[in-house]
Amino acid sequence: MARAKTVLHHPAKLTPLVTAIAALLAPAQVLSATTEIKPEIETRTYGYWLRDEQAGGGLDKGMAALLKPSVAINLTGKNASSALFLQNESVWYDDSQRSHKSLDKYSWRNMFNAYDNRVSLGLSADSGYRIRDSRNGVFSDIITGTENLSKTSNYGANLNLRTLQTADVNAQLGLAYNRLSSRQPELQDDLGSFDNDTLSSFLALGSAQRQSPLFWQLSANYNKTGRQGSRGDFVSKRTSATAGLPLLPSLSMIVRGSYDDNDNTSGYANEFKSYGAGLEYQFGHSSRINVTQNWATRSVGEQQQDIDENYLAAEVFLAPTRRTSLSYSLDRRYFGRSSNLQGQYNLRFLSLRLSVREDVQTLSSFDQIIEDLGIFVCPDGAAQFTDCFRPPTNNYQLGTGESFRQLFNAELELSEELIKRRTAAMTIGYNKNRLALSVVLSRSEDEYVETERQNNRNAFSVQSSWKLSKHSSLLLNSNYYDINYLTDEREDKNLSVEMGIKRQLNEHSDIKAMLKRISRNSSVDSFDLTENRVWLSYTIRL
């Protein structure tokens, strides 16, 4: 959706606004909220065998003990909710090669709504550890790769206003602010420590009945990422408008216009303007197809030379049932021909999602993920997909300690660099009887426009849980990344396979026996790595 051109210019201006609204919405709800406190303690004993060619290629073997206490605190009211999750991971080793490590993680989510959900306010904060450069180790964790982990924190607020769904004209306005901080890991990289502020807004206006020969739609979107250093802030602005005039009951003449601007203020500036006219055919409950002839002007790069062109554009939206939809658009942007494909197919126990897109952002905007797995029901503190399940019906009533979550696959890297990304992803989620399964296939092509790096990545992941009996499950998690660092003339094939058995001892405790194999087969032999790991874990919920 596009971003509004008139938005907040300083993050400080947003804080008093959201604080005042929260003060108005929160007190009554907090007093009437139900409170749940769920502490948990997990212990693990590891054995590992590691061979790292960068570290000399010798066999590094040892044992480790890990203690992971956590607590989930949930407050739920009629129009407000708050969820706090705290966790600490501490590990001790039996040899002198590694020293004791301790990492803290927290997540705090608050949501307030009022006036039949026409006003909503979200406040969030979280902190954890993650990789910043996939070249140093895709599967780094606290056991054998703490030196590659960067402490990363996010603080954010968002405000959304919208009209009633029964209004003749639908309107929605959103404002959001996020501050991301990333600290230098123990193994120093070339990113250093950085703090980014992202400010965004969106505005959507349009006819309540889009499936009508007479309609109009307007959307605007603004995004500004404040970056430290010489690269400068990155500002992205997009607007689009479409209107339809009836010719026949299902046929309209449509006119459209768009504006697209990306600028980092230091040599990367691109502007695109277009307008066009054509025909749209509407059928079914909400399906439509349109084709337009368009005229455009684009300015690209430092020279900012105007290029005039004309082209055909198309848009297709098919929704044969309420569970199925497919959208496709063929258009242009400043970098040339562009396309966008989105599809989903949802059954009671199965969801399929397909996405093809192109965009320009900073990598630090990808701290939340692009591959959408769908809606799942998750218990408090759930760490992975296999802890969750698809709701059996659309009217599923949440149990104590459960919440709906939009699950995503994780992005590999985090930096403040500007990239142009082309990506295609397909996700499959299934949960029925004894089997819970998630499959994600994706391909991305990243162009680092400020440093002239290029990466191509193919990824495949499987997460599954097979219930052997009422209290026992077989777990299998596998991730594969084939990453071609074109600029470095290096290609890595990264594979992680984890499997084992989980046994529920009683309603408060369970035990797991797991084994894991990690490998990195690089075209540059010095980056080859293999690791085998086994562990036994015991979890108790107090």
Side-chain angles (χ1 to χ4, degrees), residues 1-3 116-118 120 160-174 202-221 238-258 276-294 312-331 338-357 372-375 390-391 393-396 404 406 424-429:
M1 198 181 283
R3 304 193 197 250
D116 296 325
N117 294 319
R118 284 177 288 170
S120 64
N160 286 278
L161 309 171
R162 67 175 181 85
T163 56
L164 286 173
Q165 294 182 350
T166 56
D168 292 334
V169 174
N170 287 339
Q172 188 173 3
L173 173 66
F202 72 87
L203 173 67
L205 294 170
S207 307
Q209 298 297 323
R210 173 60 178 84
Q211 188 63 12
S212 170
L214 178 62
F215 65 88
W216 64 276
Q217 302 281 324
L218 170 67
S219 61
N221 198 308
R238 296 188 68 182
T239 60
S240 63
T242 305
L245 302 173
L247 298 177
L248 296 172
S250 297
L251 186 68
S252 301
M253 182 185 75
I254 64 170
V255 293
R256 63 189 295 265
S258 67
L279 297 175
E280 175 168 296
Y281 175 66
Q282 301 176 351
F283 56 98
H285 179 69
S286 57
S287 300
R288 62 182 182 272
I289 298 175
N290 66 53
V291 178
T292 57
Q293 175 67 42
N294 298 267
L312 285 174
E315 180 186 8
V316 179
F317 182 77
L318 304 176
T321 70
R322 64 185 179 88
R323 297 177 178 272
T324 307
S325 67
L326 178 67
S327 64
Y328 173 75
S329 65
L330 182 65
D331 209 334
S338 69
S339 61
N340 192 309
L341 176 67
Q342 302 285 335
Q344 62 177 356
Y345 179 61
N346 297 310
L347 294 176
R348 184 176 179 183
F349 303 103
L350 174 69
S351 67
L352 301 175
R353 292 171 185 263
L354 176 66
S355 172
V356 179
R357 57 182 291 186
D372 184 355
L373 301 180
I375 299 294
R390 279 191 60 78
T393 69
N394 292 333
N395 298 319
Y396 179 81
F404 289 118
Q406 191 87 4
M426 182 176 183
T427 65
I428 303 172

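Since the structure is predicted, the reported quantities are computational estimates derived from the model, not experimental observations.
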(request) Would you sort out whether Gln282 and Arg288 count as a side-chain hydrogen bond (donor to acceptor under 3.5 Å, both in side chains), showing the intermediate values? (result) CA-CA 4 Å; Gln282 301 176 351; Arg288 62 182 182 272; over 6 Å; no

(request) Specify the closest pair of heavy atoms between Ala171 and Leu205, including all atoms of both residues, with the distance to one decimal. (result) CB-CD2, 3.3 Å

(request) Nearest 0.5 Å please: distance from the OG1 atom of Thr292 over to the CG atom of Asp331. (result) 7.0 Å

(request) State the OG1-CZ distance between Thr239 and Phe202, to the nearest 0.5 angstrom. (result) 15.5 Å

(request) Give a yes or no on whether the backbone of Trp216 and the side-chain of Ser207 come within a donor-acceptor separation of less than 3.5 Å. (result) yes

(message) Would Leu318 and Tyr328 count as a side chain to side chain contact (heavy atoms under 4.5 Å, CB included) here? Give the steps.
(response) CA-CA 9 Å; Leu318 304 176; Tyr328 173 75; over 6 Å; no

(request) Drop me the distance from Phe317's CZ to Leu326's CG, to the nearest 0.5 angstrom. (result) 9.0 Å

(message) Nearest 0.5 angstrom please: Ser329 OG to Gln342 CD, how far?
(response) 9.0 Å

(request) Enter the distance from Ile289:CD1 to Leu279:CG here, rounded to the nearest 0.5 Å. (result) 12.5 Å

(request) Give, for atom OG1 of Thr242 and atom CD of Glu315, the distance between the pair rounded to the nearest 0.5 Å. (result) 7.0 Å

(message) I'd like to know whether Asn117 forms a side chain to side chain contact (heavy atoms under 4.5 Å, CB included) with Arg162, so could you lay out the CA-CA distance, the side-chain angles of the two residues, the decisive distance to 0.1 Å, and finally the verdict.
(response) CA-CA 8 Å; Asn117 294 319; Arg162 67 175 181 85; 3.9 Å; yes

(request) Search all heavy atoms of Asn170 against all heavy atoms of Leu164 and return the closest pair with its distance. (result) OD1-O, 3.7 Å

(request) Provide the closest heavy-atom pair for Leu312 versus Asn294 in the form atom of the first, atom of the second, distance. (result) C-ND2, 4.3 Å

(message) Would you say CD of Gln293 has more than 12 non-hydrogen atoms from neighbouring residues, nucleotides or ligands within 6.0 angstrom?
(response) yes

(message) Minimum heavy-atom separation for Asn160 and Gly174, please, with both atom names.
(response) OD1-CA, 3.7 Å

(request) Work out which heavy atom in Ser339 is nearest to a heavy atom in Leu330; give both atom names and the distance. (result) CB-CD1, 4.2 Å

(request) For Ser287 and Ala319, work out which heavy atoms get closest and say how close. (result) OG-N, 3.0 Å

(message) Test side chain to side chain contact (heavy atoms under 4.5 Å, CB included) on Thr427 and Leu352; report intermediate values, then the result.
(response) CA-CA 6 Å; Thr427 65; Leu352 301 175; over 6 Å; no

